[in-house]
Student: 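Structure incoming, see below.
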Amino acid sequence: MKTVYSIFLSPSRHHFSPLRFHSEAAAALEYHNQHHPLSNPNSIAPNAYQEKTIISLTKSCTHKSHLLLIQTHLLRNFHFYNPTIFLSFLSRCALPPLHDLSYSHKIFSQFPAPNVSLYNTMIRAYSLSNDVAKKGVLLYQEMLRSGISPNALTSMFATKCCIKFGSLFSGLQIHARILKDGHQSDSLLLTTLMDFYSSMEKGREAHKVFDEISLRDTVAWNVLISCYMRNGRTRDALGLFDAMRNSNECQPDEVTCLLVLQACAGLNALEFGEQVHNYIEERGFHNMMNVCNSLIAMYSRCGCVEKAYDVFRGMVNRDVVTWSAMISGLASNGYGRDAIEAFEEMQRAGLVPDDQTFTGVLSACSHSGLVDEGRIFFEAMKRDFGVVPNIHHYGCMVDILGRAGLLEEAYDLVSSMRIKPDAAMWRTLLGACRIHRHLALGERVIEHLIEMKAQEAGDYVLLLNIYSSVGNWEKVIEVRKLMKDKGIQTTPASSTVELKGQVHEFVADDVSHPQKKKIYETLEEINQQLRIAGYVVEITSDLHNVEDKSKQSAPSYHSEKLAIAFGVLATPPGTTIRVAKDLRICVDCHNFAKILSAVYNRKVVIRDRNRFHHFEEGRCSCNDYW
DNA sequence: TTAGGGTTAG
């Protein structure tokens, strides 16, 4: 025994060839089956010393060839199909770092009568990768058919397979089986089940499961928060952070903070984000790299790049995520040159940029109109860093070229892409056509959008703007009629503004806010003041006139104007007003904010679908390049 | 002690 196994103890002394050992293992398997046709796992139990040695050797294996060597000897000694030893072998082989699924499946299928532990190991291995998760579900079903009762872990691994595979029906079957087997008091299993419903966009079901958990710990709460965020209830996710802090069940941990910071970034909820930042400091999470990276992203996406930079400077260690977040933050806030400098500094610090770093760098070029630089980075990305361009990279390039007036080149780039262009890509090009009044290409682009059935009211409005800017009134009327005939509704755009950690949301002509009367009065007053300063309403981009021209007698207000008016009303003079808008800001609202920043001496920061607009003293950071 | 738990950063 000693001489046989001593070889494993210092495997580095031997020259291993995986192929050779693979064939040796196959030969040994054949030998085993020929000489031991009964293959009864219980009849070939090794003694305790052998078992211990084998298992510890198996555990120490880091390379498949070592494992195959062990298998060869196990087969020769008729120990391979011993359930205990086989389980140890299978988990080594099936799970990371080895994670050899095809080989694991092969030996698993040769095992005479697999027990629940073996099934669990195999299903768990399948649950770890996207492309084979389906096999995990099938194996679970096969297990049920062969009459083996699943335990809580089986159900959990199988549920994870359903999440990865995206199968609602199989997941529901597992839930039913959990109830049948009486595993509904296992809180860890229920947490996975919540995550399953969450991933299937069944928020209510997920919440129901949450309510049924008797001991809800931080992870259960975190899954609920992530569920809210995935299912369009981002504002309620913030509420859960407070609920957690006030509850005596458990307290937010660093994962809660990561999730909530994401929510703040999405909602432009700077004050709430600052509260989370304070909590992070209190709890000592500020030493964690992932938490700091999230803080950088949150501050950047709330238009507060200075604070993002404070966090960045305070970090002892920075990784590629840190730098990418900072680069993107600088880029989207209008500091294109600084973003590029940061990119160069990052490389001097010895970090290798990845695909998302380049998304930030290219967006810096697009936001700052750096055409040549953009081209150079795009080529270098492919050539020097081996990054295959994705839809975001192409989107930036189309934006760069389009804004520079190189419309045909941008169109050719879209046409030559290996990946299918999405609606956002065509919309970027359409925006460029509007800027440069390129009618023919604009018409071509909207055809693409119509073809993919992705056209929105805003797209027709861009087309309308092109027609009206070149004075083609016949076409303007035609498109308006087309929109009316097709019953195209204007997208209910919304703007949010945060006050004392509370997010207020407005749509156009909103009358749902409790302070609506005061808001409209304030807006009237602002309009008067701005008119004195030379503000004129620009109606070409007004969506409401598209629908019905006769309604012009009653003034119509875009959501961002209401949000700004609320900001003027509810905050003391001098306070920065921060608005987030889900669509692109229009020319009129852009002018409105610009003049307001001078007349009212207020900084206004508007984050729209594409970028930030920092208005100050009658100017905008985007150089009127909207 | 033979194998195993759930959430998560740009």
Side-chain angles (χ1 to χ4, degrees), chain A residues 46 48 51-52 54-56 58-59 82-95 115-125 127-128 151-157 159-160 163 183 186-196 198-199 206 209-210 213 215-227 229-230 250 252-262 265 280 285 288-301 308 311-312 315 318-332 346 351 353-361 363 392:
Chain A
E51 192 175 300
K52 208 172 153 189
I54 294 163
I55 286 162
S56 71
T58 311
K59 273 183 80 176
N82 170 278
T84 311
I85 289 173
F86 187 79
L87 177 60
S88 155
F89 190 90
L90 184 71
S91 49
R92 216 351 98 170
C93 186
L95 299 169
N115 58 21
V116 63
S117 303
L118 289 173
Y119 272 109
N120 282 0
T121 305
M122 214 51 226
I123 296 169
R124 180 178 173 225
S127 78
L128 297 174
N151 59 26
L153 284 159
T154 324
S155 308
M156 191 172 71
F157 299 140
T159 308
K160 287 185 101 172
I163 295 170
H183 296 143
D186 190 312
S187 60
L188 271 70
L189 172 57
L190 293 190
T191 310
T192 309
L193 203 58
M194 275 176 72
D195 198 37
F196 162 73
S198 159
S199 71
V209 177
F210 179 77
I213 303 177
L215 261 172
R216 289 179 299 215
D217 63 1
T218 306
V219 182
W221 281 85
N222 290 348
V223 176
L224 189 65
I225 291 173
S226 108
C227 174
M229 290 168 63
R230 277 201 277 211
C250 56
D253 67 357
E254 77 278 8
V255 177
T256 322
C257 295
L258 292 176
L259 290 164
V260 174
L261 287 174
Q262 262 186 26
I280 286 166
F285 297 152
M288 297 171 150
M289 190 137 60
N290 52 358
V291 173
C292 290
N293 294 346
S294 260
L295 279 170
I296 293 172
M298 182 276 291
Y299 280 125
S300 300
R301 293 206 60 207
V311 176
F312 178 85
M315 288 171 75
R318 304 181 185 110
D319 65 359
V320 61
V321 179
T322 320
W323 283 95
S324 305
M326 198 64 242
I327 290 167
S328 300
L330 288 166
S332 60
M346 163 190 181
L351 281 133
D354 67 6
D355 55 337
Q356 297 205 53
T357 321
F358 278 106
T359 306
V361 172
S363 90
H392 304 292

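Everything quoted here is computed from the prediction, not taken from an experiment. Letters A, B, ... mirror the listed sequences (proteins, then strands); counts begin at 1.
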Student: For the side chain of A:Q356, starting at C-beta, report the closest nucleotide among B:dA3, B:dG5, B:dG10.
Tutor: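 The answer is B:dG10.
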Student: Where the side chain of A:R124 is concerned, which of B:dA9, B:dT7, B:dG4 is the nearest nucleotide?
Tutor: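 Of the candidates, B:dG4 comes closest.
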Student: Applying side-chain contact (heavy atoms from CB on, under 4.5 Å) between A:N293 and each of A:L258, A:D319, A:V311, report the one that passes.
Tutor: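 For A:N293, the side-chain contact (heavy atoms from CB on, under 4.5 Å) test succeeds with only one of A:L258, A:D319, A:V311, which is A:D319.
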Student: Nearest-Å distance, CZ (A:R216) to P (B:dT7)?
Tutor: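 In whole Å, B:dT7 P lies 19 Å from A:R216 CZ.
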Student: Nearest whole angstrom, please: distance from the P of B:dG10 to the CG of A:L258.
Tutor: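 Those two atoms, CG and P, are 8 Å apart.
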Student: The side chain of A:F157 is closest to which nucleotide in this list: B:dA9, B:dG6, B:dG4?
Tutor: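 The nucleotide sitting nearest to the side chain is B:dG4.
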Student: Measure from the side-chain heavy atoms of A:S88 and tell me the nearest of B:dT2, B:dA9, B:dA3.
Tutor: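 That would be B:dA3.
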Student: Touch check for A:I55, heavy atoms < 4.0 angstrom, all strands: base, sugar-phosphate only, or nothing?
Tutor: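 Touches sugar-phosphate only.
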Student: So what does A:T359 touch, heavy atoms closer than 4.0 Å: a base, only the sugar-phosphate, or nothing?
Tutor: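 No contact at all - A:T359 keeps every heavy atom at 4.0 Å or more from the nucleic acid.
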Student: Considering only B:dT2, B:dG4, B:dG6, which nucleotide approaches the side chain of A:N151 most closely?
Tutor: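 Between B:dT2, B:dG4, B:dG6, the one nearest the side chain of A:N151 would be B:dG4.
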Student: Classify the side chain of A:N222 and the base of B:dG6 as holding, or not holding, a donor-acceptor pair under 3.5 Å.
Tutor: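 Side chain to base: no pair present.
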Student: Regarding A:V320, tell me which of base, sugar-phosphate or nothing describes its non-hydrogen contacts under 4.0 Å with the strands shown.
Tutor: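 Base contact - A:V320 has a heavy atom under 4.0 Å of at least one base atom.
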Student: Grab the CD1-P distance between A:I327 and B:dG10 for me, whole Å please.
Tutor: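 Going from A:I327 (CD1) to B:dG10 (P), I get 15 Å.
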Student: Is a donor-acceptor contact shorter than 3.5 angstrom present between the side chain of A:T192 and the base of B:dG6?
Tutor: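 Side chain to base: no pair below 3.5 Å.
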Student: At 4.0 Å (heavy atoms only), tell me whether A:V219 reaches a base, stays on the sugar-phosphate, or touches nothing.
Tutor: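 Contact class for A:V219: base.
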Student: Using whole Å, what does the distance between atom P of nucleotide B:dG10 and atom OH of A:Y299 come to?
Tutor: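 The distance from OH of A:Y299 to P of B:dG10 comes to 16 Å, rounded to the nearest Å.
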Student: Which residues pass the side chain to side chain donor-acceptor pair (under 3.5 Å) test with A:S198, not counting sequence neighbours?
Tutor: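 For A:S198 the side chain to side chain donor-acceptor pair (under 3.5 Å) partners, ignoring immediate neighbours, are A:R230.
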Student: Check whether the side chain of A:D217 and the base of B:dG6 form a donor-acceptor pair under 3.5 Å.
Tutor: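 Indeed there is one.
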Student: If I take atom OH from residue A:Y119 and atom CG from residue A:L90, how far apart are they, to the nearest 0.5 angstrom?
Tutor: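 A:Y119 atom OH to A:L90 atom CG measures 12.0 Å (nearest 0.5 Å).
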Student: So, A:D217 side chain and A:A220 main chain: donor-acceptor pair closer than 3.5 Å or not?
Tutor: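 It does hold such a pair.
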Student: Taking only the side-chain heavy atoms of A:K59 (C-beta and beyond), determine which of B:dA9, B:dG10, B:dA3 contains the nearest atom.
Tutor: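 It is B:dA3.
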Student: Check the distance between B:dA3's P and A:L188's CG and give it to me in whole angstrom.
Tutor: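 Rounding to the nearest Å, CG of A:L188 and P of B:dA3 are 21 Å apart.
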Student: Need one value for A:L189: base, sugar-phosphate or nothing, where a base atom within 4.0 Å counts as base even if backbone is also close, heavy atoms only.
Tutor: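 Base, at least one base heavy atom under 4.0 Å.
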Student: Measure from the side-chain heavy atoms of A:S117 and tell me the nearest of B:dG5, B:dA3, B:dG6.
Tutor: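 Looking only at side-chain atoms, A:S117 lies closest to B:dA3.
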Student: Between A:T357 and A:S324, which heavy-atom pair has the shortest distance, and what is it?
Tutor: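 Distance-wise, the nearest heavy atoms are OG1-OG, 2.9 Å.
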Student: Looking only at non-hydrogen atoms, find the nearest pair between A:T58 and A:F89 and report the distance.
Tutor: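 Closest pair (atom of A:T58, atom of A:F89, distance): CG2-CA, 3.7 Å.
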Student: What contact category does A:T191 fall into here, base, sugar-phosphate, or nothing, at under 4.0 angstrom with non-hydrogen atoms?
Tutor: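 Here A:T191 touches the bases of the nucleic acid.
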Student: With sequence neighbours left out, what residues match A:T159 under side chain to side chain donor-acceptor pair (under 3.5 Å)?
Tutor: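 Side chain to side chain donor-acceptor pair (under 3.5 Å) list for A:T159, sorted by chain: empty.
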Student: B:dT7 C1' sits how many Å from A:L261 CG, rounded?
Tutor: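 Taking CG of A:L261 and C1' of B:dT7, I get 15 Å after rounding.
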Student: If I take atom CG in residue A:L95 and atom P in nucleotide B:dG5, what distance separates them, rounded to the nearest angstrom?
Tutor: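 So the CG-P distance, A:L95 to B:dG5, works out to 9 Å.
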Student: From B:dT2, B:dG5, B:dG10, pick the nucleotide closest to the side chain of A:T84?
Tutor: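 Of the options given, the side chain of A:T84 lies nearest B:dT2.
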Student: Base, sugar-phosphate, or nothing for A:D355, non-hydrogen atoms under 4.0 angstrom?
Tutor: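 The answer is nothing, as A:D355 stays clear of every strand by at least 4.0 Å.
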Student: Can you tell me which nucleotide in B:dG5, B:dT7, B:dG10 comes closest to the side chain of A:V255?
Tutor: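 Closest nucleotide among those given: B:dT7.
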Student: A:K160 has an atom NZ; how far is it from atom P of B:dG5, in whole Å?
Tutor: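 Whole-Å distance recorded here is 9 Å.
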Student: By the 4.0 Å heavy-atom rule, please label A:E254 as base, sugar-phosphate, or nothing.
Tutor: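 Nothing, no heavy atom under 4.0 Å.
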Student: Does any donor-acceptor pair link the side chain of A:D354 with the base of B:dG10 at a separation under 3.5 Å?
Tutor: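 Side chain to base: pair found, below 3.5 Å.
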Student: If you only use heavy atoms from C-beta on, which nucleotide in B:dA9, B:dG10, B:dG6 is closest to the side chain of A:N293?
Tutor: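 In terms of side-chain proximity for A:N293, the closest of B:dA9, B:dG10, B:dG6 is B:dA9.
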